[in-house]
There are 2 protein chains.
Amino acid sequence: MFQIDPMARTPIYEQLTAQIERLVLLGVLQPGDALPSVRNLSCELAVNPNTVQKAFNELYQRGVLAAVPGRGCFVAPDAREHLQTVGREKLDGFRELAHELLLAGISKKDLIDAIDQADKKEGEAE
Amino acid sequence: MFQIDPMARTPIYEQLTAQIERLVLLGVLQPGDALPSVRNLSCELAVNPNTVQKAFNELYQRGVLAAVPGRGCFVAPDAREHLQTVGREKLDGFRELAHELLLAGISKKDLIDAIDQADKKEGEAE
DNA sequence: CTAACTGTATTATAACGCATAATACAGTTA
DNA sequence: TAACTGTATTATGCGTTATAATACAGTTAG
């Protein structure tokens with residue numbers, strides 16, 4: 001269900017948070033759903049339990065996950081709303097990147113084409 | 001001419017490379033123009049000379065700068081072309097980010113609006 | 001030629017983030 | 001009770017970033 005690349009330049013715990021957020025947005029993980037336990041997931045990914053917990057901790061603070069000590073870790077009821085808020089905050093970075101690419105000579109049309117491709121891809125099952 | 005934030009999460013040498021690339025794209029630095037010497041710039045920015053050289057080294061490998069030992073460091077003749085190539089390579093990341101934002105519920109129109117804003121900003125003197 | 005500049009290279013050190021390892025404690029549940 | 005759950009702690013190793021102190025070679029103005 002989860003995949004990790006230990007050799008990537010992005011930290012493992014960030015790869016994990018990104019994947020979980022993605023699965024929630026895709027609806028694969030729905031509010032109330034239980035996640036693998038810290039120990040199980042760490043074993044499955046061949047990763048240290050602390051690393052998994054660090055990822056989960058990030059998602060608690062973002063309101064995506066909710067933990068119940070002794071029972072487990074679950075998708076928060078309002079996870080989607082929180083993730084949409086996070087998405088809004090990323091719009092600034094998107095705008096800056098667009099500006100940078102325009103400055104580098106990339107045409108406005110090419111950027112819009114890129115959005116179209118991403119949009120088409122989003123509609124598919126992937 | 002250059003500004004550095006030592007407290008930022010992005011490394012100093014990356015801040016430097018980004019600024020120099022930007023100045024070249026804006027035409028402030030033109031092919032053949034000399035850059036401040038490693039020692040002068042490191043002194044001006046209150047930064048270690050090695051850090052400045054690391055930034056310059058990056059730009060050598062990207063074909064943006066050309067060094068002449070004993071004389072100094074200059075903007076490469078084909079700096080813009082190299083930077084445009086770099087820009088093309090960043091299009092993939094742009095597309096991925098767009099896909100991510102669409103998944104988070106950001107509308108296609110909002111993304112295009114962001115591009116329009118970036119485009120308008122690019123036309124200005126800044 | 002000398003002095004002062006230029007880029008370049010080397011070694012050592014310190015700080016920080018990432019990840020691991022080994023435990024330990026408390027709550028839940030079959 | 002036993003086996004699970006999340007959580008917390010301390011220690012260690014590693015790579016990147018940045019600094020510091022040098023040293024060497026090429027260029028140039030005096």
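Side chains included, hydrogens not; waters and symmetry mates left out as well; all remaining heavy atoms used. Proteins get letters first, then strands, A, B, ... in listed order; numbering begins at 1 in each. Keep in mind the model is a prediction, meaning the values are calculated, not measured.
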Taking CG from B:Leu16 and P from D:dT19, how many angstroms apart are they, rounded to a whole number?
11 Å
Rounded distance in Å - CZ (A:Arg39) to C1' (C:dT28):
13 Å
Please pick, from C:dA19, C:dT8, D:dA18, the nucleotide with the shortest atom-to-atom distance to any side-chain atom of A:Pro11.
C:dA19
Is B:Lys54 close enough to D:dT17 that one of its side-chain N or O atoms is under 4.0 Å from OP1 or OP2 there?
yes
Under a 3.5 Å cut-off for both contacts, is D:dT12 paired Watson-Crick or G-U wobble with anything, and if yes, with which nucleotide?
C:dA19
What nucleotide, of C:dA19, D:dT17, C:dG7, holds the atom closest to the side chain of B:Ala67?
C:dG7
Between B:Pro69 and A:Gly70, name the one whose nearest nucleotide on DNA chain C is closer to the 5' end.
B:Pro69
Using a cut-off of less than 4.0 Å, is there contact between a side-chain N or O of B:Thr51 and OP1 or OP2 of D:dT17?
no
Between atom CD1 in A:Ile4 and atom C1' in C:dT20, what is the gap in whole Å?
15 Å
Report whether B:Leu103 and A:Val86 are members of the same hydrophobic cluster (ILVMFWY, side-chain heavy atoms less than 4.5 Å apart, transitive linking).
no
Verify the contact: side-chain N or O of A:Tyr60 to OP1 or OP2 of D:dT7, cut-off strictly under 4.0 Å; return yes or no.
yes
Spacing of B:Glu58 atom CD relative to D:dT17 atom C1', expressed in whole Å
13 Å
Rounded distance in Å - CG (A:Asn40) to P (D:dA3)
15 Å
Roughly how many Å is it from CD in B:Gln61 to C1' in C:dG7, rounded to a whole number?
15 Å
Would you state whether a donor and an acceptor, one from the side chain of B:Arg71 and one from the base of C:dG7, lie under 3.5 Å apart?
no
Partner nucleotide of C:dT6 by Watson-Crick or wobble geometry (both distances under 3.5 Å):
D:dA25
Nearest heavy atoms of A:Ala104 and B:Leu83, plus distance in Å:
CB-O, 4.2 Å
Using a cut-off of strictly less than 4.0 Å, decide whether B:Tyr13 has a side-chain nitrogen or oxygen near OP1 or OP2 of D:dA18.
no
Starting at atom CD1 of B:Ile12, determine the distance to atom C1' of C:dC16, rounded to an integer number of angstrom.
13 Å
Using only side-chain N and O atoms of B:Ser37, determine if any of them is under 4.0 Å from OP1 or OP2 of C:dT6.
yes
Do we see a donor-acceptor contact under 3.5 Å between the side chains of B:Thr51 and B:Asn48?
no
Quick one: does B:Gln15's side chain have a donor or acceptor within less than 3.5 Å of a partner on B:Asp5's backbone?
yes
Closest to the side chain of B:Asn50, out of D:dT5, C:dT6, C:dA9, is C:dA9
Do A:Tyr13 and A:Leu35 share a hydrophobic cluster (ILVMFWY, side-chain heavy atoms under 4.5 Å, transitive)?
no
Quick check: any donor-acceptor pair below 3.5 Å linking the side-chain of A:Asn48 to the base of C:dA19?
no
When rounded to the nearest 0.5 angstrom, what distance separates CG in B:Leu41 from CD1 in B:Ile20?
7.0 Å
Rounded to whole angstrom units, what separation is found between the CD atom of A:Gln53 and the P atom of C:dA22?
18 Å
